[in-house]
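Sequence lines set the chain letters: A, B, ... in the order given, protein chains first and strands last, and positions in each chain run from 1. A quick note: this is a predicted structure, and the numbers were derived from the prediction, not measured.
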There are 2 protein chains.
Amino acid sequence: MQTKQGNAADATGITGTTAAAIAADTAPRRPGRPSRPALTEEAIAKEALAIIDELGWAACTMKLLASRLGVRSPSLYHHIDGQHSLIDLVRILVVREFHDPAIVDMPWEDAFRTFGIGYYRAFARHPNTIQVLSTTPVRDGLTLEMYETFLRSMVDHGWDPSKAFEAMLGLEHLALGFAYEWNAEDLMLDPAYIANHGAPLLAEVTKERTDQAASAETTFMALLGRHIDMYRNNFDSP
Amino acid sequence: MQTKQGNAADATGITGTTAAAIAADTAPRRPGRPSRPALTEEAIAKEALAIIDELGWAACTMKLLASRLGVRSPSLYHHIDGQHSLIDLVRILVVREFHDPAIVDMPWEDAFRTFGIGYYRAFARHPNTIQVLSTTPVRDGLTLEMYETFLRSMVDHGWDPSKAFEAMLGLEHLALGFAYEWNAEDLMLDPAYIANHGAPLLAEVTKERTDQAASAETTFMALLGRHIDMYRNNFDSP
DNA sequence: ACCTGAACACCGTTCAAGT
DNA sequence: ACCTGAACACCGTTCAAGT
């Protein structure tokens, strides 16, 4: 089953099942324009997200990405505008997973909760995207639309736009922080390292946290609920 | 004033005033062990943080770092364990700026506020460190001590350790998110891009935000205060 | 239009040579 | 011990050549 082209993917221990991965297992491609294009922007973006999910963003090199798609790295430049454009494409894929225009019709408490949970869950599924996506300026229409939808949901139900924006950023940072903290491969606070480093309380609370990964969403939702209560209480007396 | 060694730093437009930068302006160094070491771990870390603050973490290459210190990049490996160890060293410098053991003697509300403000301010001064520091596991004693101090401050005043940890992570994510959002060179939500992209509410609330950078701390502190109220209200009825 | 191999500048890191 | 220049593997990107 091993081919010359599959070496980079094989080196990572990945045995893909996608069409792209299968393509990488076919015979080496010859130079010249193929009868049908081997790539699309969408396919490149999806494969990039898959690599980032599996191996982290740093592992998503043009070489590995191309290899997984059954082509050589220069081919990618015919479809995407260099590696930095992958950021926008990946963001669109993640935002698509939770963006829901229907929240504008809900009472703001429900909209806030639905938005927060969806946001959290999407990034909890793709924790390796957070480092880059949370620190790169937004440059796509879908993400703007997603933010606009949230603001509209709040403002149409009596919120001040600035307050809604402030609450949105707070919610976003909370969701991203928790999604990363509990779902990233490497825990920020590693119990193995903390043990015997003179921080007994920290050691105690992080001890069983590996098993608590499943309850991360519960923890986030508890905080989310408290936030909604907080905003409801301050609704008329800011 | 220009020398051969100064080219990398000069190319960035930086005219340093530190001892290190002055060293870079001296005559080229000859091979062989110098009479007195040209570098220390501390000096390397400080110069790295300066570069990161000015040009971003990606710009902090071994070559530029060495150039600014008046040596060649391989010399750095005699003092630090490769580039990844810079992360730990930079984290220590930032944490040092706000870590305050005295908070254990305060009422928990004061400790919470002091810790939160200090944490926010330190990272607001170094927003370019956030992307890397917030997503790299902690591997230094000072940072563990800083976390332990916060937990001790809460637990000694009646908090449940797990609840204190949860609150600590929430506060941390909020502080980091706001510190980045309002202080990073590139705004996540760039008013210039958002204008005329079909997101009127978002355009409205981000319009004047460049000028509001000064009020970022006020906004964060308002949210911090609401958080403290939230926790106080839930203190006996969780 | 779209893929390839060759080439280029850049990066982190290693290492023998020199003091 | 500690600095240097040379060398190595790797990366993103460009481009002429080929279909």
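Checked by atom type and distance alone, the side chain of E181(B) never pairs as donor or acceptor with a backbone atom of M188(B) at under 3.5 Å. Of the possible donor and acceptor atoms, one in the side chain of E148(A) sits under 3.5 Å from a partner among the backbone N and O of L201(B).
Listed by chain and residue number, nothing satisfies the side-chain hydrogen bond (donor to acceptor under 3.5 Å, both in side chains) test with E204(B) (two or more places apart in sequence, or in another chain). In this structure, the ring pair (Phe, Tyr, Trp, His ring centres under 6.0 Å) partners of F178(B), at least two apart in sequence or on a different chain, are H173(A), W182(B). Every salt bridge (charged side-chain N to carboxylate O under 4.0 Å, His left out) that E42(A) has, sequence neighbours left out, goes to K46(A), R96(A).
F150(B) pairs with exactly one of F165(B), F115(B), F98(B) by the ring pair (Phe, Tyr, Trp, His ring centres under 6.0 Å) rule, that one being F115(B).
The aromatic rings of F220(A) and Y120(A) lie parallel to each other, with less than 30° between the two planes, well short of the 60° mark.
Distances were taken from every side-chain heavy atom of S75(A) (C-beta onward) to each of dG12(D), dC2(C), dT4(C); the shortest belongs to dT4(C). When the nucleotides dG12(D), dC3(D), dC3(C) are ranked by their closest atom to the side chain of H79(B), dC3(D) comes out on top. Of all nucleotides listed (dT13(C), dC11(C), dC3(D)), dC3(D) comes nearest to the side chain of P34(B).
Looking at F123(A) and N183(A), their side chains never come closer than 4.5 Å, going by heavy atoms from C-beta outward. Proximity of I194(B) to Y147(A): side-chain heavy atoms (C-beta onward) are nowhere separated by under 4.5 Å.
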Distances under 3.5 Å between protein N/O atoms and the N/O atoms of nucleotides 15-17 of chain D, please, pair by pair.
none

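Summarising the geometry, atom OG1 belonging to T129(A) is positioned 11.0 Å from atom CD1 belonging to I87(A); distances are rounded to the nearest 0.5 Å.
Between R72(B) atom CZ and dG18(C) atom P the separation is 18 Å, expressed in whole Å. Atom OH of Y77(B) and atom P of dT4(D) are 14 Å apart (whole Å). Between the P atom of dC10(D) and the CE atom of M62(B) lies a distance of 19 Å, rounded to the nearest Å. In this entry the distance linking CG of L76(B) with P of dA1(D) reads 18 Å, nearest Å. Distance CZ (R36(A)) to C1' (dA1(C)): 15 Å, rounded to an integer number of Å. Here dC2(D) presents its C1' atom at 14 Å from CD1 of I80(B), a figure rounded to the nearest Å. Protein atom CZ of R33(A) is 8 Å distant from nucleotide atom P of dA1(C), rounded to whole Å. Atom NZ in K63(B) sits roughly 7 Å away from atom P in dC11(C) (whole-Å rounding).
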Item to check | Test side chain to side chain contact (heavy atoms under 4.5 Å, CB included) applied to V94(A) and R91(A), step by step | outcome: CA-CA 5 Å; V94(A) 176; R91(A) 195 198 304 272; 5.8 Å; no
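Annotation: proximity of residues 83-94 of chain A to DNA chain C (heavy atom, distance under 4.0 Å) is found for no residue.
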Item to check | Strand DNA chain D in bracket notation, Watson-Crick/G-U under 3.5 Å with | for pairs to another chain | outcome: ||.|||||...|||||.||
